[in-house]
Structure formats: C-alpha cells, structure tokens
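Heads up, the thing below is written out as structure tokens.
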Amino acid sequence: MLPNIRIVLVQTYHPGNIGASARAMKTMGLTDLVLVNPRRFPDPEAIRLAAGAEDLVEHARVVGSLAEAVADCVQVVGASARLRRLPLPHFDEPDAMARELVEHAASDPAALVFGRERFGLTNDEIRLCSHQVSIPANPDYGILNLAQAVQVLAYEVFTAWRRRPQSGYRPSRPAEQRQPTREQLGHFHDHLGRVMQASGFLTQPHAHTDTQLQALFARAQPSRKELSLLRGLLASLEQHLPEGGP
C-alpha cells in the first residue's frame with residue numbers, strides 16, 4: 001500500500017527487534033525495510049518475532065551506511081527521543097510528520113530512520129536527515145523500545161495515507177457482518193409473510209402489519225448471517241405447519 005515509504009533501522013543490536021519491527025510495519029502496510037550494519041543478522045530470533053512478517057525480514061536490504069540507505073530519498077525523518085542541537089526542522093506531532101511524509105512518498109521514496117536501542121542516532125546520522133520527529137510520551141518515563149516506536153510512527157503514516165481521498169481504503173469487514181442485499185431482504189419478508197399466513201397469524205393480507213415488521217427489521221439491521229438464521233427458523237416452523245394452511 002505504501003511502497004515508497006522506507007523504514008531504516010541503524011545498527012540494531014537485538015535481532016528480535018528487527019523481526020518485531022517488521023511485524024509492526026506489515027500491520028500498517030509498509031514493506032520496505034533497510035538495515036544499516038545490524039549487529040546480528042540474519043538470525044532465527046528475527047524470524048521468530050516477525051510472526052507472519054517473515055517475508056519482510058527475508059527481503060530486508062542490508063547496507064553499510066545510513067547515507068547509502070537514504071541516498072534516493074527526498075525526505076528523511078529521524079526518530080529521536082532526545083532533541084539534539086542541530087538546525088533541523090522538527091515535528092512535535094507525529095501526525096503532522098506522517099501527512100507530509102505521505103505527500104512526498106506519493107511520487108518519490110521517503111524514509112523513517114530509527115537508531116540503536118541504547119542511544120539512538122548520532123549527530124552525524126541526524127545530519128543525514130532532513131527532519132526529526134519525537135513521539136509525545138510521559139515526561140517522567142518516555143521510553144519506548146525500537147519496535148514500539150516503529151509501530152507508533154507506522155500507524156501515523158498508515159492513518160495519514162488511508163485518510164487521503166485517493167487512497168481507496170476500505171476497512172475489511174467479516175462476511176458475517178456484511179449487510180444483506182435488497183433482494184435478500186425481499187426474499188426474507190416474502191418468506192415471513194408466507195409463514196404468518198400458513199400459521200394462522202394472519203387470516204388475510206394486512207399491509208399495515210407487513211409495513212410495521214419491515215420497519216422493525218430495518219431498524220434492527222440484521223447481518224447476512226443473522227438473516228440466514230431467521231430464514232432457517234422460518235423454514236423449521238414451516239415443517240411443523242399442516243399442509244395447505246390452518
């Protein structure tokens with residue numbers, strides 16, 4: 001969904017954090033993972049913690065420097081908990097960063113860069129970025145691990161993308177929660193009318209009763225699965241009705 005947005009992890013120490021970051025990426029539609037001098041990679045722990053995102057780990061690109069990782073990017077945002085004294089534009093709010101990043105990524109590669117678990121990005125590495133971003137957190141304990149930081153910013157990027165009118169994003173809905181078609185509702189009301197007539201509940205057509213029942217089910221908004229359950233109930237009742245009606 002977002003092929004032009006790259007996640008760059010610099011000198012990741014624990015291979016499990018690579019796998020957990022890949023998982024965080026995949027849940028938010030990101031697939032481009034670049035690793036700068038990881039301490040241990042490949043490693044089984046990275047695959048284990050990917051938990052369904054093994055393909056991102058297996059296709060991750062390993063490079064020797066941050067400069068190489070972001071050479072083709074038009075915007076590079078460094079994630080940093082500590083504000084360094086460098087004259088870089090800084091995003092105080094991740095959602096503002098995400099909107100701008102998605103805008104650039106519509107036509108060119110852009111990157112989110114995450115530093116080492118213990119001390120983040122160096123000043124020299126931040127100089128390779130065009131912007132910085134921090135994740136607002138508890139001022140008394142604002143510590144996120146690497147995968148958590150990737151998840152938070154990846155979520156902001158995904159949200160910014162899906163809110164664009166041209167994204168075409170539609171949330172997936174389980175089949176059992178889908179609304180029935182007008183044809184399916186029509187068959188249900190016809191079936192209900194037949195059972196009411198055959199059971200003796202109605203001895204002659206009652207348009208007012210039909211209208212009230214249709215209004216009741218319109219308010220209830222049964223799903224396709226629920227409508228199927230009601231049709232099954234009606235079919236079961238029909239089996240116990242005398243042939244030819246009451």
TODO: Identify whether L144 and L49 are in the same connected component of the hydrophobic contact network (ILVMFWY, side-chain heavy atoms under 4.5 Å).
DONE: no
TODO: Give, for atom CD of E226 and atom CZ of R231, the distance between the pair rounded to the nearest 0.5 Å.
DONE: 15.0 Å
TODO: Take V102 and I5, measure what side chain to side chain contact (heavy atoms under 4.5 Å, CB included) needs, and give me the verdict at the end.
DONE: CA-CA 8 Å; V102 167; I5 293 183; 4.0 Å; yes
Task: Parallel, tilted or perpendicular, as decided by the 30° and 60° cut-offs, for the rings of F91 and H131 - done: parallel
Task: Contact check, side chains of D108 and C73, non-hydrogen atoms, under 4.5 Å - done: no
Open item on the list: How close do G115 and L146 get, counting heavy atoms only, and between which atoms?
Closed with: O-CD1, 4.1 Å
- [ ] Could you check D72 against R6 for salt bridge (charged side-chain N to carboxylate O under 4.0 Å, His left out), going step by step and ending with a plain yes or no?
- [x] CA-CA 11 Å; D72 60 337; R6 181 176 305 159; 2.8 Å; yes
Task: Check: I135 and L153 side chains under 4.5 Å, non-hydrogen atoms - done: yes
Open item on the list: Using the salt bridge (Lys or Arg N to Asp or Glu O under 4.0 Å) criterion, which residues pair with E103? Sequence neighbours excluded.
Closed with: R164
TODO: Kindly work out whether a path of hydrophobic side-chain contacts (I/L/V/M/F/W/Y, heavy atoms less than 4.5 Å apart) joins F201 to L230.
DONE: yes
Task: Residues forming a ring pair (Phe, Tyr, Trp, His ring centres under 6.0 Å) with F41, sequence neighbours excluded - done: none
Task: Close side-chain approach of L128 and V76, heavy atoms under 4.5 Å - done: no
Task: Point-to-point distance, once rounded to the nearest 0.5 Å, from OG of S223 to CG of L229 - done: 9.0 Å
Task: Residue pairs passing the salt bridge (Lys or Arg N to Asp or Glu O under 4.0 Å) test where at least one lies in residues 49-63, sequence neighbours excluded - done: K26-D55
Open item on the list: Can you confirm whether T12 sits close enough to R39 that some side-chain heavy atom of one is under 4.5 Å from a side-chain heavy atom of the other?
Closed with: no
Open item on the list: With heavy-atom distances below 4.5 Å as the criterion, would you say the side chains of I126 and L88 are in contact?
Closed with: yes
Task: Under-4.0 Å salt bridge between E125 and R116 - done: yes
Open item on the list: Between E117 and N17, is there a side-chain donor-acceptor contact under 3.5 Å, judged purely by atom types and distance?
Closed with: yes
Open item on the list: On a heavy-atom basis, which atom in V133 and which in P94 lie closest, and how many Å separate them?
Closed with: CG2-CA, 4.1 Å
Task: Test salt bridge (Lys or Arg N to Asp or Glu O under 4.0 Å) applied to R23 - qualifying residues, sequence neighbours left out - done: none
Open item on the list: Can you see whether E45 engages H14 through a side-chain donor-acceptor pair at a distance of less than 3.5 angstrom?
Closed with: no
- [ ] With the side chain counted from C-beta on, respond yes when V150 and L9 share a heavy-atom pair under 4.5 Å apart, and no when they do not.
- [x] yes
Task: Lys/Arg N to Asp/Glu carboxylate O, D95 vs R99, below 4.0 Å - done: yes
Task: Beyond-backbone contact of T122 with R127, side-chain heavy atoms, under 4.5 angstrom - done: no
Task: Check: V77 and V113 side chains under 4.5 Å, non-hydrogen atoms - done: no
Open item on the list: Less than 3.5 Å apart, any donor N or O on the side chain of Q75 or E100 sitting next to an acceptor on the other?
Closed with: yes
Task: Co-members of Y13 in a cluster of I, L, V, M, F, W and Y side chains, linked at under 4.5 Å - done: none
TODO: Any chance you could measure H191, atom NE2, to L227, atom CG, to the nearest 0.5 Å?
DONE: 11.0 Å
Open item on the list: Testing the 3.5 Å rule here: is there a donor-acceptor pair between the side chains of D92 and H90?
Closed with: yes
Open item on the list: Could you measure the distance from the CG atom of L192 to the CG atom of L185? Nearest 0.5 Å is fine.
Closed with: 12.0 Å
Open item on the list: Checking one residue: I143. Which other hydrophobic residues are in its cluster under the side-chain 4.5 Å linking rule?
Closed with: Y141
